[in-house]
Amino acid sequence: MTRRLFHTGLLSTLGGLVVVLSAACGTSPTHAAAPAPTPTQTAVASPTPDAATQKYVALIKSYWLQIQAADEATATTNVAALVCLGKVSPAAPNEVQFVDPSKCRARMLKSLVVHERFLRLLQNIAAPPQFSSDDQVFRTQIPMGIAHLKTLISVTAHGSKDAVLEAAITYVADFFPLVIDALNNVDPSVVHN
């Protein structure tokens, strides 16, 4: 008996569904098709970064801020770029007359501390999977940059403006574009340049 009621109920439901579908397809002249319901869009929350990702991004952000401080860089000026590269603006050519070896040395000694500290901190943190290639860039390029930075510091002690400019160009080449691109990828909230 229960099985018969179930089949009767199922047939009744299927029959109702056929009538509804027929009406929707326009096969029944007596039933007007109901307007299609508008889909409701639900807001999908963007995933919250896990603690490890937040820690990694915070390390990258801190590194950049410290480099900017060491360079005495703002949105409109960069003392290190002026005294080491002879650049009066990011788009300007290098002009050796603006290079100042002693001022460059002061800026680069501060940068050296920042780079070495960053590498020490980086050794104690695992990169989240989405940043593994960026992390590899940091771990390979920054040590090369440090080696060239030490050469630049040495040249500033007794070198000519031309020698300082040449060493500074070599140092900067270790960071542009690879490290800068990696910084932009990990922390897109800041334009790194």
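What you see below is based on every heavy atom in this structure, not just the backbone, and it leaves out hydrogens, waters and symmetry mates.
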Enquirer: Sequence neighbours left out, what pairs pass disulfide bond (SG atoms under 2.5 Å apart) with at least one residue falling in residues 94-162?
Expert: C84-C104
Enquirer: Not counting sequence neighbours, which residues clear side chain to side chain donor-acceptor pair (under 3.5 Å) with D181? List them please.
Expert: none
Enquirer: State the CG-CD1 distance between N193 and I180, to the nearest 0.5 angstrom.
Expert: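 If we round to the nearest 0.5 Å, N193:CG and I180:CD1 are 7.5 Å apart.
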Enquirer: Who pairs with E166 by salt bridge (Lys or Arg N to Asp or Glu O under 4.0 Å), at least two apart in sequence or on another chain?
Expert: none
Enquirer: Quick one: ring-ring contact (aromatic ring centres under 6.0 Å, His included) partners of Y63, sequence neighbours excluded?
Expert: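 Expected list: H115, F118.
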Enquirer: Output all residues satisfying side chain to side chain donor-acceptor pair (under 3.5 Å) with H192, sequence neighbours left out; order by chain, then residue number.
Expert: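 So H192 forms a side chain to side chain donor-acceptor pair (under 3.5 Å) with N184.
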Enquirer: Determine whether L121 and I125 satisfy the following criterion, side chain to side chain contact (heavy atoms under 4.5 Å, CB included), listing intermediate values before the conclusion.
Expert: CA-CA 7 Å; L121 292 172; I125 190 170; over 6 Å; no
Enquirer: Using the rule that Ile, Leu, Val, Met, Phe, Trp and Tyr join whenever any side-chain heavy atoms are under 4.5 Å apart, tell me whether L183 and V190 fall into a single cluster.
Expert: yes
Enquirer: Quick one: does V164's side chain get under 4.5 Å of R105's, heavy atoms only?
Expert: no
Enquirer: For K61, enumerate each residue passing the salt bridge (Lys or Arg N to Asp or Glu O under 4.0 Å) test, keeping only those at least two apart in sequence or located in another chain.
Expert: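 Once residues adjacent in sequence are excluded, the partners of K61 under the salt bridge (Lys or Arg N to Asp or Glu O under 4.0 Å) criterion are D187.
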Enquirer: Please output the side-chain donor-acceptor pairs of residues 89-97 that fall under 3.5 Å, not counting sequence neighbours, one pair per line with the distance.
Expert:
unit_1	atom_1	unit_2	atom_2	d
S89	OG	A92	N	3.3
E95	OE1	Q97	NE2	2.9

Enquirer: For K150, check salt bridge (Lys or Arg N to Asp or Glu O under 4.0 Å) against everything at least two apart and list the hits.
Expert: E116
Enquirer: Is it true that V57 and L59 fall in one hydrophobic cluster, defined by side-chain heavy atoms closer than 4.5 Å?
Expert: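 Yes; L59 is reachable from V57 via cluster members.
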Enquirer: Which heavy atom in P101 sits nearest to a heavy atom in G159, and how many Å separate them?
Expert: CG-O, 4.2 Å
Enquirer: Whether the side chain of D71 engages the backbone of A73 through a donor-acceptor N/O pair (distance < 3.5 Å, no angle test) should be reported.
Expert: no
Enquirer: Looking at K161, I want to see if its NZ is surrounded by more than 12 non-hydrogen atoms of other residues, nucleotides or ligands under 6.0 Å.
Expert: yes
Enquirer: Determine the minimum heavy-atom distance between L165 and V99, stating which atoms define it.
Expert: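 Scanning both residues, the minimum pair turns out to be CB-CG2, 4.2 Å.
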Enquirer: Verify whether one side chain among S62 and Q66 offers a donor that lies under 3.5 Å from an acceptor in the other.
Expert: yes
Enquirer: Who passes side chain to side chain donor-acceptor pair (under 3.5 Å) against S160, sequence neighbours left out?
Expert: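 S160 satisfies side chain to side chain donor-acceptor pair (under 3.5 Å) with no other residue.
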Enquirer: Does T74 offer a backbone N or O that forms a donor-acceptor pair with the side chain of N78 under 3.5 Å?
Expert: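 Answer holds: no.
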Enquirer: Only counting residues at least two apart or in another chain, list the ones meeting salt bridge (Lys or Arg N to Asp or Glu O under 4.0 Å) with R139.
Expert: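 Result, salt bridge (Lys or Arg N to Asp or Glu O under 4.0 Å) vs R139: D135.
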Enquirer: Distance-only criterion, 3.5 Å: show the donor-acceptor pairs between side-chain atoms of residues 141-149 and protein atoms not counting sequence neighbours.
Expert:
unit_1	atom_1	unit_2	atom_2	d
Q141	NE2	D174	O	2.8
H148	ND1	M144	O	3.3
H148	ND1	D174	OD1	3.4
H148	ND1	D174	OD2	2.4

Enquirer: For the pair T151 and S154, evaluate side chain to side chain donor-acceptor pair (under 3.5 Å) and give the outcome as yes or no after the intermediate values.
Expert: CA-CA 5 Å; T151 300; S154 176; over 6 Å; no
Enquirer: State, to 0.1 Å, how close Y171 and S111 come at their nearest heavy-atom pair, and which atoms those are.
Expert: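 Closest approach of Y171 to S111, heavy atoms only: OH-CB, 4.2 Å.
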Enquirer: Is M108 reachable from V83 through a run of hydrophobic residues whose side-chain heavy atoms are each under 4.5 Å from the next?
Expert: no
Enquirer: CD of Q130 to CG of N185: how many Å apart, nearest 0.5 Å?
Expert: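 With rounding to 0.5 Å, CD (Q130) is 9.0 Å from CG (N185).
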Enquirer: Assigning hydrophobic clusters by single linkage (Ile, Leu, Val, Met, Phe, Trp, Tyr; side-chain heavy-atom cutoff under 4.5 Å), is V79 placed with F175?
Expert: no
Enquirer: Closest heavy-atom contact between D134 and A182?
Expert: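 Closest pair (atom of D134, atom of A182, distance): OD1-CA, 3.5 Å.
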Enquirer: Apply side chain to side chain contact (heavy atoms under 4.5 Å, CB included) to the pair F138 and I60, showing each step before the final yes or no.
Expert: CA-CA 10 Å; F138 299 141; I60 300 307; 3.4 Å; yes
Enquirer: How close do Y56 and P128 get, counting heavy atoms only, and between which atoms?
Expert: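 Of all heavy-atom pairs spanning Y56 and P128, the closest is CG-CD, 3.5 Å.
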Enquirer: Can you find a pair of side-chain heavy atoms, one from V179 and one from V137, that are under 4.5 Å apart?
Expert: yes
Enquirer: Is there a continuous path of hydrophobic side-chain contacts, each under 4.5 Å between heavy atoms, that joins V172 to L82?
Expert: no
Enquirer: Who pairs with E72 by side chain to side chain donor-acceptor pair (under 3.5 Å), at least two apart in sequence or on another chain?
Expert: R107
